[in-house]
Amino acid sequence: MALLDVKNVSIEYTTEDGVLKAVEDVSFSLEVGESVGLVGESGCGKTTLAKSVMRLLSKNGRISEGQMMFKGEDLVTKTEEEIRKLRLTEIAMVAQSAMNALNPVYTVGDQLIEGIQIHTDMTREQARERAIEVFKMVGLEEKRLKSYPHQMSGGMKQRAIIAMALTLNPSLIIADEPTTALDVVVQDRILQQVIEIQKKINSSMILITHDISVVSETCETIIVMYGGKIMEKASTKAFFTKPVHPYSLGLNNAFPSIHEIGEELISIPGSPPNLMQEQVGCRFRARCPFRTEICMEEQPPLEEVAPNHLSACHHNKEVERFREESQKRETWEKVRERIIEEIRRDVS
Ligand SMILES: Nc1ncnc2c1ncn2[C@@H]1O[C@H](COP(=O)(O)OP(=O)(O)OP(=O)(O)O)[C@@H](O)[C@H]1O
């Protein structure tokens, strides 16, 4: 049985201007010990999906459809009380800039020890021992337990937050851009530590990032989202050697570290769809160099293109040609010209 089985989940936000469908009909599963990288441009629904697993959506957000089976039980229908018990003990989240969540008037140690005591029946002394242990795991000295947040650097604070998330050996860690606010060297070191600990305690992980090169180094599986839907899911190895979806091909062109030195980066022209509007056809159609008639009318299903490799494109079979053409700058230049032409037409 998978640890987490997300089935046909849709999530929407009610706003003053109407309903925004942030995630639509998304399904994926996560095995015990597996780490999945969730990637895609800003606004594609990564954080929404992650927060919904913890049932931490903002007030105007709701899971409108689907199930999220965690250890065989549906998280969607659990009561608030049941979910609260699962947080930290079973599912822990390290959010973007979580370090700002530390309470400035308590020492970091007190906050950590208190957190442990709330969720377990450990004595203060036992909780302190555990706090020292997890501090060591993330590379913080014991004496740092006595520090107040303002006495620590950004990197240290984020480490302390990660320590808090890992302290009760959760089965699932959700890390949402856990190191974005830090400098690159520190980012890399902390991320490696998180992965090490995750492997040690054999928890599963969902790592959210907009940087696919991070996923190539840290995760076994990658899920690419676009406009609230999954476009491609594959092992990272397959994805980085043989990506299939045109959006993935575009993303691969846009990231430096997985390319050879000196190779030119090409970004994908245009912007993601407006999720306030009803989506017709493929969500990537406006920016896709390879679109045809059917892409304008029908939403492509997520199909298996190889074992454990899924792609939602009507033209999965033409991937060899797409791979070749997507590496040429003029392929994407034509998309840019097409977008400009369409805007001109709409205006006139
Ligand atoms: N509380 C909210 N109310 C209304 N719309 C929201 C709310 N939170 C997110 N959205 C919208 O839902 C969509 C998905 O947002 P989400 O933050 O999940 O994307 P993301 O991929 O995590 O982006 P980022 O990388 O910038 O965090 C976006 O269109 C966003 O504007």
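All residue numbers refer to positions in the sequence shown, counting from 1. Order of listing sets the numbers, starting from 1, for every ligand and every atom in it. Remember, it's a predicted structure, so these values are computed and weren't measured experimentally.
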For this session: Show the protein residues that qualify under the rule heavy atom under 4.0 Å from an atom of ligand 1, listing them in chain and number order.
Result: Y13, T15, L20, A22, E41, S42, G43, C44, G45, K46, T47, T48, S58, N60, Q96

Exercise. About how many Å separate CD1 of I118 and CD1 of I113, when rounded to the nearest 0.5 Å?
Worked result: 12.5 Å

For this session: Hey, could you give me the NZ/CZ distance between K317 and F322, rounded to the nearest 0.5 Å?
Result: 12.0 Å

Exercise. Does a sphere of radius 6.0 Å around NZ in K328 hold more than 12 heavy atoms from other residues, nucleotides or ligands, not counting ones at 6.0 Å or beyond?
Worked result: yes

Problem set entry | Inter- and intrachain pairs under salt bridge (charged side-chain N to carboxylate O under 4.0 Å, His left out), touching residues 26-38, at least two apart | none

Exercise. Can I268 and F284 be said to form a side chain to side chain contact (heavy atoms under 4.5 Å, CB included), step by step?
Worked result: CA-CA 11 Å; I268 309 172; F284 188 56; 4.1 Å; yes

For this session: Give a yes or no on whether a salt bridge exists between K136 and E142, defined as a side-chain N under 4.0 angstrom from a carboxylate O.
Result: no

